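Since the structure comes first, as C-alpha cells, the remarks are kept for the end.
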Amino acid sequence: LPVPSLDENLNPIFVRVTYEIDQGGDKYWVAGIDAHAKLTDKIEVGAVYVIDRNPQSAATLENNIKQLIGINGAIKLTDKTVIVAEVVQTEGFDGKKGLGERVELKHKDERLDATVYWGKTDEEFNNPGSSQGRGRVEAGAKAAYKLDAKTRLLGEILHTEDSISNGIRDGQLIAIERRFDNDVRVEVGVRHSDETATPAQESSADTTPNEFTSVRAKITAPVPGVAKANVFGEYEQAIDDSDRKLFALGGDYQISSRAKLYARHEFISTLSGPFT
C-alpha cells in the first residue's frame with residue numbers, strides 16, 4: 001500500500017529502503033546477525049552484529065563503516081508501561097569507534113498516554129540506517145492526560161542539540177482540549193521555543209538566534225450529514241511579533257477501518273517552525 005510522507009498534522013512518516021548496486025570491482029562480504037530472546041513475560045533482550053568489507057568504503061572513507069555491534073532490551077514495567085533501550089557501537093575502516101545510545105519509556109492507560117525519550121550519538125558514530133545522525137542529542141516528552149470524560153491536558157517538551165557545534169533548540173507546548181456534546185473539539189494552548197545563535201540543525205541556519213512565545217487555538221467539528229468526516233481550523237500567533245503566525249484549514253474522512261482520507265492547507269509566516 002502507498003505510504004504518505006506526512007500525517008494529517010504534518011508529522012513526517014519515514015520508509016527506509018535498502019538496496020545494493022553492482023558497481024564492478026572486487027567482491028567483498030557483507031554479513032550480519034540479529035537475535036532476540038524473551039527471558040520472561042516482562043523482559044526481552046537482543047543483539048545485532050554487522051560487518052561490511054566494502055573496499056571502496058575503505059579507500060574513500062565514504063560511509064566508513066566496517067563493523068556494527070549493538071545490544072537492546074525491553075522491560076514491561078506494568079501491563080501499561082514499557083521501557084526500551086539500546087546501545088550501538090560502530091567502527092570505521094579508519095579504526096575510529098562511535099557510540100549511540102537510546103532509551104524510551106511509553107505508558108498508556110485510561111487517563112494518561114505518554115512517551116518520554118532520550119538519545120545520544122558521539123561525533124564518530126556512523127550508521128546510515130539510524131534515525132539519529134552523528135553528534136546529536138535528542139530528548140523529549142509528549143503526553144495527553146484526561147481530566148474528565150470530555151477534557152484533556154496536552155503537553156510536549158523537546159530538546160535537540162548538535163553536540164559538535166553546541167547548537168541547541170528547546171521547546172515547550174501546553175494546551176487543553178475540550179469536547180462538547182455536539183462532538184466539537186476546541187483546543188487552546190501556549191508554545192515557547194528558543195534556539196541558540198549556533199543552529200541546532202542545518203534547516204534553521206538562517207533563522208537563529210530565535211526565541212518566541214505563541215498562543216494557539218484549534219477547532220475540530222464533524223461535517224453535518226456526513227458520517228465519520230471532520231473539518232478543522234487552526235491558528236497560532238506569536239505574542240511579541242504580529243508577523244509571526246500560522247493558519248491552517250483541513251479535514252479528514254474515515255473511509256473504512258483501514259483507510260483515511262485527509263487534507264490540510266497551511267499558511268505559515270516566519271514562525272521559524274522546525275519545532276512547530
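All values derive from a computational prediction rather than experimental measurement.
- There is no side-chain donor-acceptor pair under 3.5 Å between Asp194 and His192.
- Remark: Asp183 does not engage Lys150 in a salt bridge, criterion side-chain N to carboxylate O under 4.0 Å.
- For Ser165, the side chain to side chain donor-acceptor pair (under 3.5 Å) partners are Asp162, not counting sequence neighbours.
- Remark: Glu123 does not engage Arg134 in a salt bridge, criterion side-chain N to carboxylate O under 4.0 Å.
- The distance from the OG atom of Ser163 to the CG atom of Asp122 is 8.0 Å, given to the nearest 0.5 Å.
- For the residue pair Glu195 / Thr208, no side-chain donor-acceptor distance below 3.5 Å is found, with atom types taken as modelled.
- Using a 4.0 Å cut-off between a side-chain N of Lys or Arg and a carboxylate O of Asp or Glu, Glu101 and Lys120 do not qualify as a salt bridge.
- A cation-pi arrangement is not found for Lys260 relative to Tyr253, the charged atom failing to lie both closer than 6.0 Å to the ring centre and inside a 45° cone about the ring normal.
- Side-chain contact between Glu104 and Thr115 is present, with at least one heavy-atom pair separated by less than 4.5 Å.
- In this structure, Glu177 does not pair ionically with Arg179, as no charged nitrogen and carboxylate oxygen lie closer than 4.0 Å.
- A salt bridge links Glu234 with Arg264: at least one charged nitrogen is closer than 4.0 Å to a carboxylate oxygen.
- Judged purely by distance below 3.5 Å, without hydrogens or angles, the side chains of Thr160 and Arg136 pair a donor atom with an acceptor atom.
- Between the side chains of Ser214 and Glu236, at least one donor-acceptor pair of N or O atoms lies under 3.5 Å.
- The side chain to side chain donor-acceptor pair (under 3.5 Å) analysis of residues 41-51, with sequence neighbours excluded, yields the pairs Tyr49-Gln67.
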